[in-house]
Amino acid sequence: MTPIKRQSQLQSSGHSANPVQRAQVGAPYLANSGYKGPAGNAAMVAETDRLNKPAPDSQTDIQLVRKVRRGDTAAFDLLVIKYQSRVASIISRFVYDSQDVLDLTQETFVKAYRAIDRFRGDSAFYTWLYRIAVNTAKNFLESRSRRPQGSVDVADAEQFDEGERLRDRASPEQLLQREQLAAALQVALESLPEELRSALLLREYEGLSYEDIARILDCPIGTVRSRIFRARDAVDRHLAPLLDEQGGVI
Amino acid sequence: MSEVNGMDERLKETLSAMMDDEADELSVRRLLAHSDPEALRSHWHRWQQIRSLMHDEVPQVLPGDMAQKVRASIQGSLAASAEVASESSLPERGWRLLRWRGSAAATVALALLLGFGAGVGWQVSPVAEHGGELAVHADAAPLVADVPEIPLQGLDDQQWEHLSRYLLEHAQHNSVAAGRGSVGYARVVSVSSASR
């Protein structure tokens with residue numbers, strides 16, 4: 001079984017990845033897709049270099065924030081779910097007690113909801129949320145007359161390696177669960193029809209837009225959109241029992 | 001169109017596009033409006049988890065439903081603040097309104113009393129003493145119990161003329177001053193003119 005390399009980060013998630021790394025990631029699964037990577041296509045080099053520029057704010061985030069401002073709480077739920085793990089990871093850089101981390105994560109989102117009208121969109125929503133999380137954690141420590149246990153710069157928000165410190169704190173059981181999930185993911189990806197797998201991996205590992213993927217796979221954008229959805233749905237069906245069983249582990 | 005796990009395929013495709021920042025505003029609106037909220041959260045959560053897994057992100061352990069906790073906390077604080085607001089602001093507004101109306105009524109009553117005081121030899125008629133009198137009230141007068149009612153029935157011609165002239169002058173004066181009380185005076189004047 002070919003191991004899956006999972007090193008790159010999505011542009012839309014605020015992460016940037018080395019173009020060479022991105023070209024290598026997912027390569028075994030993209031061999032038949034017609035995609036030769038940045039080195040194999042000069043036009044695509046320009047396209048992928050474009051992706052290295054600072055990512056604009058997520059369109060989805062902006063849409064959801066707009067809905068939240070109009071009183072749509074379901075939209076805020078989606079923002080919470082999307083960022084809860086990352087916010088918890090930021091806070092865990094300051095605070096070590098897991099219950100405190102949970103409480104402060106919750107408090108961060110409540111503060112964000114109350115202040116959502118003051119979000120001007122000058123920065124990405126995640127950067128704005130990141131600042132609230134850092135301030136919430138620092139205020140918590142000050143209220144307990146303790147100095148911050150860790151330090152992070154707001155500028156790190158976009159490149160934050162999620163929960164790195166927690167890697168060492170995971171219990172053996174959690175590590176085992178994670179390995180099981182990774183193995184199940186690999187099986188799920190391998191069992192996907194080629195056209196679905198290519199579309200999903202170009203999106204997830206290369207961070208390409210639907211338009212770029214459509215150009216590579218030589219098909220309409222609507223087809224790309226449909227293929228990515230069907231791939232995601234198939235992987236979800238495969239992993240859902242494990243994910244549900246393990247609750248909030250991931 | 002098939003429907004699986006509380007969400008139809010088209011809505012799930014929109015959700016998938018949202019994962020990739022490729023969904024348009026209208027589709028997002030439709031998704032939020034027509035999806036089963038629980039199914040929507042569940043799919044979104046699992047797909048985010050799968051993405052984290054694909055990128056080998058070390059997850060934070062978050063037992064329970066954080067979104068639900070946040071929502072409960074927000075709703076709890078909103079309910080509490082609304083309760084406090086209803087307890088404080090409504091009586092406050094009510095008192096303010098009552099004070100304003102009371103002031104207006106007191107001003108009208110005082111003006112009328114002064115007007116009557118200016119008349120010579122005015123007496124309350126026997127008819128008025130026995131009830132059945134027509135009382136003139138300012139617009140807000142009923143709100144104030146202690147404002148005396150002025151009986152107008154039984155006034156003689158001289159008293160009517162004096163009162164009418166007085167009210168007309170005040171109406172003219174207040175219309176120039178543009179005070180809110182001018183409306184009340186004008187009405188009284190028109191009533192007195194018509195009654196004559």
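Chain identifiers are assigned alphabetically (A, B, ...) following the order of the sequence lines, protein sequences preceding nucleic acid strands; residue numbering begins at 1 within each chain. These numbers were taken from a predicted model, which means no experiment stands behind them.
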Hey, which of B/Leu31, B/Val28, B/Ile74 has the most heavy atom pairs under 4.5 Å with chain A? B/Ile74
Do we see a donor-acceptor contact under 3.5 Å between the side chains of B/His43 and B/Gln48? no
Portion of A/Ser226 that has a non-hydrogen atom of chain B nearer than 4.5 angstrom: both
Using non-hydrogen atoms and a 4.5 Å limit, figure out which bit of A/Arg230 sits close to chain B: side chain, backbone, both or neither. neither
If I measure from the heavy atoms of chain B, does A/Leu64 come under 4.5 Å with its side chain, its backbone, both, or neither? side chain
Donor-acceptor side-chain pairing of A/Asp61 and A/Tyr126 below 3.5 angstrom: no
With chain B, the option among A/Val110, A/Leu79, A/Asp236 that has the most non-hydrogen atom pairs under 4.5 Å is A/Asp236
Under 3.5 Å, is there a donor-acceptor pair between the side chain of B/Ser35 and the main chain of B/Pro37? no
Using modelled atom types and a 3.5 Å cut-off, is there a donor and acceptor pairing between side-chain atoms of A/Thr108 and backbone atoms of A/Leu104? yes
Using a cut-off of under 4.5 Å for heavy-atom pairs, which of A/Glu107, A/Glu211, A/Arg66 has the most such pairs with chain B? A/Arg66
Please state whether the side chain, the backbone, both or neither of B/Arg41 comes within less than 4.5 Å of a heavy atom of chain A. both
Determine whether the side chains of B/Ser42 and B/Arg46 contain a donor N or O and an acceptor N or O closer than 3.5 Å. yes
From the options A/Arg203, A/Arg227, A/Arg225, select the one residue that forms a salt bridge (charged side-chain N to carboxylate O under 4.0 Å, His left out) with B/Asp20. A/Arg203
How long is the gap from CD1 on A/Ile228 to CG on A/Leu201, to the nearest 0.5 Å? 10.0 Å
Part of A/Asp77 lying under 4.5 Å from any heavy atom of chain B: both
At a heavy-atom separation under 4.5 Å, does B/Val70 approach chain A through its side chain, its backbone, both, or neither? both
